[in-house]
Q: 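One structure is given below, represented as structure tokens, and several questions about it will come after.
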Protein chains: 2
Amino acid sequence: MKHVTVYDIAREANVSVATVSRVLNNTAPVKKETRERITALIDKHQFQPNALARSLIRKETGMIGFILPDITNPFFPEVLASFDRETRKLGYTCFLCDTVSSDEETERQYARESQYLGILMEKQVDGIVMIGGRLDLSKPDAALVREVEEVAKRVPVLMINGNLPNTKIHRVAVDQRLGAELAAQHLIDLGHRDIAVIGGFVHMSNTQQRIQGFRTAMRNNGLEVRKEWMVQGGFSVNKGLEFAEQVLNLPDRPTAIMCMNDLVAIGALKAADRAGLAVPAELSIVGYDDIPFASFSIPELTTVSLMANEIGRLAAEMLHKLIAGKKVPSLHSVVPELRVRQTTAPLQK
Amino acid sequence: MKHVTVYDIAREANVSVATVSRVLNNTAPVKKETRERITALIDKHQFQPNALARSLIRKETGMIGFILPDITNPFFPEVLASFDRETRKLGYTCFLCDTVSSDEETERQYARESQYLGILMEKQVDGIVMIGGRLDLSKPDAALVREVEEVAKRVPVLMINGNLPNTKIHRVAVDQRLGAELAAQHLIDLGHRDIAVIGGFVHMSNTQQRIQGFRTAMRNNGLEVRKEWMVQGGFSVNKGLEFAEQVLNLPDRPTAIMCMNDLVAIGALKAADRAGLAVPAELSIVGYDDIPFASFSIPELTTVSLMANEIGRLAAEMLHKLIAGKKVPSLHSVVPELRVRQTTAPLQK
DNA sequence: CACTATAATGTAATCGGTTTCATCTCTTAC
DNA sequence: GTAAGAGATGAAACCGATTACATTATAGTG
């Protein structure tokens, strides 16, 4: 029951290990007869070369580390899937590095990201992708950034969507500002002037950027941003429900709500339902992210796509180039798309 | 910029590599002074031992392969996350092995599972978890089963939820039959007698088992199963919509619909909406799976939990025991729970 | 003080492959 | 007939750790 090795094969085939290795990798001509003898033995013993030993000398492992904050958030599987699909064509396998677990305090998150970087380095991965988490804050963790830069010197690192202004780390990112601007402009085009913005965390860069985009659109149209209609502090359905109820209970209520993500938008849908407001007839709602569920809700959610597939695909493409030692631009920007569905409608006078 | 090794550290510290290894692993006493000299150098060079080399000789890699059919299906991230959470406490890292991509034909799926088994063996993972896919069919792929059994001889393998009657492979699985029975009984208790069952694939074991559970409940209550109300053939929202419309358009329409998963149930909700039927007042709907979104829909979906967290946790526990060489029961059955929410109500006469 | 147990360290084998270099045989060309 | 080039193979070094075994220094004991 012992594991069979090249030596076992070599001995039984009456050749040297070098020859076995040659048929394994097609790296040099081997006499047809010898090759057949060897492959027969390989089949017979179901021999599989030990990837550890191979990687040790080849200095490439075919492994890529994918660090993400929470696999349970439907956005991440989406980009991971598309990344993995591309990446596996070239023979890579991904390590999943999930940095938060819902049941743990956030303060351990940094340690987790840092810890994973260490593990991935030890395991000699060929490349690392990082998305979200501590690097997505409006003030990204300086120590972590420094660490990532240090890691990037030794192995190709690709950031997705992070907020890293003064750094040489390669990135692919959607233009969040533009996405929010598109959403806001859409509402404005429908005649809305009283627009609330709910959800998100002001200390997170994505929220900040989206709010900036919103403000830009408002300014471009000469509209005023009312601060009692800006309610931030969470990304969940329940928070969305809470925030939406808050703005809908104001004496002066908005006619449209722009949500910082789809979960919040779903919460807002709930709030509208509870308040007896018809969507989109009496209240327009737009989400952000275009999670798979966005097109399943009733009514179907108008939202801004995070371009998960495109991001994953591009990330794979860039990382492979980096691994191959090719030059790549340090930032690849992806243009978001507005998905107009059923939760937005022209303002009714 | 060359990678530093134990030899570099040893040379610079004027000791042998053995001593360096000792401080690295705390495997034998080292003079305090020497230890400090070495750790200082380790810090200085940010030395990290090469896990490949270590694993090669230790014969353990701290890597676990997790084979699943589609990370985009929200159930899988859920169990993966809880599995990973447990497993990482013990120093393991998971390979993600996603066997299908939406854009590829199903016939390549078996090759993918088989291919991943090969890759994982080569990479010398300490254990493998398999969930769904080709092993979840009512007639599981015999060749694959044989292959899995072969693999299981060399490395601990744990199945989640598969359908493997005559095999010694260790499994943790929810009792699907019981879950469906709970759901059906719930509807019956509410006074429903005319119950449709939509969604699923009859060639998949989970669908088969759930339908069995449904029949059991009906039989126990002396109710009749009407075959025009049994519509199978898909697991998606759109299919659910289609199937629900089909049964709702029958001259003799059911008062409750039991769906083979939550996506189908969401489709059914849509169908009810289009047909102008109030849920749950005029139509009760129950789903299956309890995906995260189930509690976000409006109204919130009554459904059967797949116990993703519990499954993941248990799988981790069992696999660790297997890796440690301990005896474990070959099947650990998990009892499903009915989550009663807002889409079911007493039958209105 | 001699003797033994333990601490501290070094030497070299080992894990299982790949790869360089050397050797030998066999064509093919001139 | 011999030199050159390609084909086929083997011996041994190597990747970077761990560890069995050997050796020396130190401490403790009677």
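Order of the sequence lines sets the chain letters (A, B, ...), proteins ahead of strands, with each chain counted from 1.
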Q: Any pair with a residue in residues 315-326 of chain A that passes side chain to side chain donor-acceptor pair (under 3.5 Å), sequence neighbours left out, goes on the list, sorted by first then second residue, please.
A: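 Non-adjacent pairs meeting side chain to side chain donor-acceptor pair (under 3.5 Å): A:T87-A:H320, A:R313-A:E317.
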Q: Which residues pass the salt bridge (charged side-chain N to carboxylate O under 4.0 Å, His left out) test with A:E12, sequence neighbours left out?
A: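 Residues passing salt bridge (charged side-chain N to carboxylate O under 4.0 Å, His left out) with A:E12: A:K44.
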Q: Could you go through residues 21-33 of chain B and list every donor-acceptor pair under 3.5 Å that involves a side-chain atom there, pairing it with any protein atom two or more places apart or in another chain?
A:
unit_1: B:S21; atom_1: OG; unit_2: B:N25; atom_2: ND2; d: 3.4
unit_1: B:N25; atom_1: OD1; unit_2: B:R58; atom_2: NH2; d: 3.0
unit_1: B:N25; atom_1: ND2; unit_2: B:S21; atom_2: O; d: 2.9
unit_1: B:N26; atom_1: OD1; unit_2: B:R35; atom_2: NH2; d: 3.0

Q: Quick one, which residues of residues 35-50 of chain A touch DNA chain D with a heavy atom under 4.0 Å?
A: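 Residues of residues 35-50 of chain A under 4.0 Å from DNA chain D: none.
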Q: Would you please name every residue forming a side-chain contact (heavy atoms from CB on, under 4.5 Å) with B:S16, sequence neighbours left out?
A: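 B:S16 satisfies side-chain contact (heavy atoms from CB on, under 4.5 Å) with B:A18, B:T19 once adjacent residues are dropped.
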Q: Which residues pass the side-chain contact (heavy atoms from CB on, under 4.5 Å) test with A:N50, not counting sequence neighbours?
A: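 Scan of A:N50 (side-chain contact (heavy atoms from CB on, under 4.5 Å), adjacent residues dropped) gives A:L52, A:A53, B:L56, B:Q124.
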Q: Could I get the full list of side-chain contact (heavy atoms from CB on, under 4.5 Å) partners for A:N73, not counting sequence neighbours?
A: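 Checked A:N73 against side-chain contact (heavy atoms from CB on, under 4.5 Å); matches are A:D70, A:F75, A:F76.
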Q: Suppose we screen for side-chain contact (heavy atoms from CB on, under 4.5 Å). Which residues come up paired with B:S330, at least two apart in sequence or across chains?
A: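 Applying side-chain contact (heavy atoms from CB on, under 4.5 Å) to B:S330 gives B:H170.
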Q: Kindly give the atom pairs (protein nitrogen or oxygen, nucleotide nitrogen or oxygen) under 3.5 Å for nucleotides 22-29 of chain C.
A:
none

Q: Which residues, if any, of residues 12-20 of chain A bring a heavy atom under 4.0 Å of DNA chain D?
A: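 Those residues whose heavy atoms fall under 4.0 Å from DNA chain D, taken from residues 12-20 of chain A in numerical order, are A:N14, A:V15, A:S16, A:A18, A:T19.
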Q: Please name all residues satisfying salt bridge (charged side-chain N to carboxylate O under 4.0 Å, His left out) with A:E60, sequence neighbours left out, ordered by chain then number.
A: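 Partners of A:E60 by the salt bridge (charged side-chain N to carboxylate O under 4.0 Å, His left out) criterion come out as none, since no residue qualifies.
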Q: If you fit an axis to the five pairs at each end of the helix from C:dC1-D:dG30 to C:dC30-D:dG1, how big is the angle between those two axes, to 10 degrees?
A: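 Between the axes fitted at each end of the helix from C:dC1-D:dG30 to C:dC30-D:dG1 lies an angle of 40°.
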Q: Does a nitrogen or oxygen in the side chain of B:S55 sit under 4.0 Å from OP1 or OP2 of D:dA17?
A: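 False: B:S55 side-chain N/O out of range (4.0 Å or more) of D:dA17 OP1/OP2.
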